[in-house]
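Read the structure below first, then the notes.
These numbers come from a predicted model, not from an experiment. Chain letters run A, B, ... following the sequence lines, proteins first, then strands; residues in each count from 1.
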Amino acid sequence: MYALVDGNNFYVSCERVFRPSLMGRPVVVLSNNDGCAIARSNEAKALGIRMGTPWFEVRDKLAPGSVVALSANFGLYGDMSNRMMSLAAGLGPEQEIYSIDESFIGVAGVRDVTARAFQVRERILQWIGIPCGIGIAPTKTLAKLANHIAKTADRSPGTYAPDLGRVCNLAALPASDLDTVLAATAVDKVWGIGPRLSQQLNGAGIVNTLQLAQMDPAVARRGWSVTVERTVRELQGTSCAALEEVAPRKKEIASTRSFGRPVTSLDDLLEAVTEFASRAAVKLRSQDSHAGQVLTFVHTSPFRRQDKQYSRSIVVPLRRPTADTSLIVRAAVMGMRDIFRQGYNMSKAGVMLLDLQDASIEQHELDLGVAQENRTKLMAAMDTINDKHGRGTVAVASAGTAGPRRRWVMKQQWKTPDYTTSWEQLPLARA
DNA sequence: TCTGGGGTCCTAGGACCC
DNA sequence: TCTGGGGTCCTAGGACCC
């Protein structure tokens with residue numbers, strides 16, 4: 001039995017904790033470069049603002065001041081997430097942190113699980129200030145669905161019975177009621193069924209979740225794929241996805257950014273790529289891995305139809321797997337020099353580390369043993385310093401030496417303070 | 001004028017091998 | 001005239017998730 005605890009409109013809810021005046025108002029949180037809406041308050045959703053809508057479209061359509069827009073403050077959201085997760089863990093003996101605002105809890109054997117879920121929800125709201133929905137069911141897919149029902153019953157009354165709001169335990173529902181609920185849920189609300197699949201399913205006459213749940217798994221496999229087959233089985237109550245208490249190591253690590261404005265020069269791109277590679281290397285070391293290959297890419301903006309388009313990537317193999325920032329930066333810079341072309345408005349670039357393996361599997365080379373050990377110590381020292389004094393205190397100087405311009409940095413016009421992670425930015429309480 | 005970032009899994013197809 | 005079958009590995013791209 002699984003529970004899914006999910007923070008409602010999570011980023012917006014985090015901002016509201018420190019600015020209660022935002023309560024009850026349409027609020028959106030924007031992606032990097034203040035580009036798209038990536039979180040919306042219920043009031044913003046009611047205005048018809050869709051996930052991923054470019055901010056300039058929203059702004060042009062609505063009266064000035066009718067929506068509050070904020071730049072994403074991921075430092076704040078990450079910290080709030082940690083606090084929420086530690087309280088959610090109180091619902092059962094096992095926890096999988098699935099995303100920044102969701103965690104699955106293994107609740108097998110938990111007594112009065114529905115009542116307990118209400119208590120945990122109340123505690124998170126009171127202690128952290130984040131409203132949650134909780135879904136409970138025999139499989140992860142059904143728990144996700146239950147969570148969707150819990151949120152929807154709260155937000156837009158009419159689709160589901162009001163007593164399914166906030167906490168929805170599908171396992172406690174009589175079979176006939178469960179069928180009614182599934183029949184009232186469109187198939188695209190199911191975890192793993194995206195726009196493309198739901199279109200195909202609709203074409204085959206499968207419109208609601210009850211119909212999908214009643215599909216023969218063999219038909220699902222033949223007509224679509226194993227993933228759809230698993231989804232069907234999970235809807236039928238057969239668990240196909242287990243709880244992952246310890247997050248498996250990542251198989252690839254990326255650091256990519258869109259630029260605040262078009263970038264045309266190789267120097268700027270080398271500078272950007274140096275930073276991307278450095279960031280990726282920090283993530284790599286933090287999970288104790290080495291990378292065997294470095295992929296570098298750059299491309300123009302597909303939205304600027306009037307511009308000449310360009311897009312290329314290159315994989316540079318490392319001589320041996322490593323987590324050394326300078327070696328990784330060198331490979332990324334080499335890659336960028338290779339794929340760069342003059343005369344384009346580049347809009348985005350990035351570095352991805354591939355072919356990751358456990359750092360304990362080391363390939364030593366003749367005569368390099370000592371040097372290698374020192375490099376590892378140097379990297380550890382660099383990480384410690386940057387951890388303590390802030391990212392970028394110590395960095396690898398590479399081609400294109402970071403000047404004061406940094407033309408490629410992103411835009412963040414409306415960022416709120418780091419309320420919970422910076423002494424300088426602690427909120428002030430006044431009497 | 002202005003359009004995110006970071007992942008995973010699966011499949012198809014090509015290269016290569018015996 | 002008629003030109004195999006089976007396997008692996010790699011890459012690109014699609015689809016999905018938050």
Which salt bridge (charged side-chain N to carboxylate O under 4.0 Å, His left out) pairs, counting each pair once, include a residue from residues 46-57 of chain A, with sequence neighbours left out?
none
Run the salt-bridge test on [X] and [Y] with the 4.0 Å N-O cut-off and return the result as yes or no.
X	Y	result
A/R249	A/D358	yes
A/R230	A/E234	no
A/E96	A/K140	yes
A/K144	A/E102	yes

Flag for A/N345-A/T300: side-chain donor and acceptor within less than 3.5 Å:
no
Using a 4.0 Å heavy-atom cut-off, does [X] contact any base of the nucleic acid, only the sugar-phosphate backbone, or nothing at all?
X	value
A/I100	nothing
A/R279	nothing
A/V228	nothing

Using 30° and 60° as the class boundaries, would you call the ring planes of A/F74 and A/Y77 parallel, tilted or perpendicular?
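Ring orientation, 0 to 90° scale: perpendicular.
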Relative to the ring of A/W191, is the ring of A/F104 parallel (under 30°), tilted (30 to 60°) or perpendicular (over 60°)?
tilted
For C/dG4 and B/dC16, measure between their C1' atoms and round to the nearest Å.
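The same atom, C1', in both gives a distance of 16 Å.
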DNA chain B contacts made by residues 27-58 of chain A, counting heavy atoms under 4.0 Å:
A/S31, A/N32, A/G35, A/C36, A/P54, A/F56
Measure the spacing between CG of A/L354 and NZ of A/K251 and express it to the nearest 0.5 Å.
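If I round to the nearest 0.5 Å, the distance is 13.0 Å.
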Side chains of A/N73 and A/E15 in contact at under 4.5 Å (non-hydrogen atoms):
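They are in contact (side-chain heavy atoms under 4.5 Å apart), so the answer is yes.
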Validation row: A/L47, A/V67 side chains within 4.5 angstrom (heavy atoms):
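Yes, at least one pair of side-chain atoms sits under 4.5 Å.
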Applying side chain to side chain contact (heavy atoms under 4.5 Å, CB included), run through A/W414 and A/W55 and close with a yes or a no.
CA-CA 12 Å; A/W414 306 290; A/W55 169 240; 3.5 Å; yes
What parts of residues 299-307 of chain A reach DNA chain C, counting only heavy atoms under 4.0 Å away?
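Output list: empty, so none.
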Suppose we screen for side chain to side chain donor-acceptor pair (under 3.5 Å). Which residues come up paired with A/R285, at least two apart in sequence or across chains?
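Side chain to side chain donor-acceptor pair (under 3.5 Å) check on A/R285 returns A/T325, A/D383.
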Find the runs of at least 3 consecutive base pairs, i with j, i+1 with j-1 and so on, that include DNA chain C, using Watson-Crick or G-U wobble geometry with both distances under 3.5 Å.
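Stems (3+ consecutive pairs) listed as B:5-18 with C:5-18.
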If you walk 5' to 3' along DNA chain C, what is the first nucleotide with an atom under 4.0 Å of a heavy atom in chain A, and what is the last?
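Going 5' to 3' along DNA chain C, contacts run C/dA15 to C/dC18.
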Quick check on DNA chain B: between A/Y11 and A/E252, whose nearest nucleotide comes earlier from the 5' end?
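Residue closer to the 5' terminus by nearest nucleotide: A/Y11.
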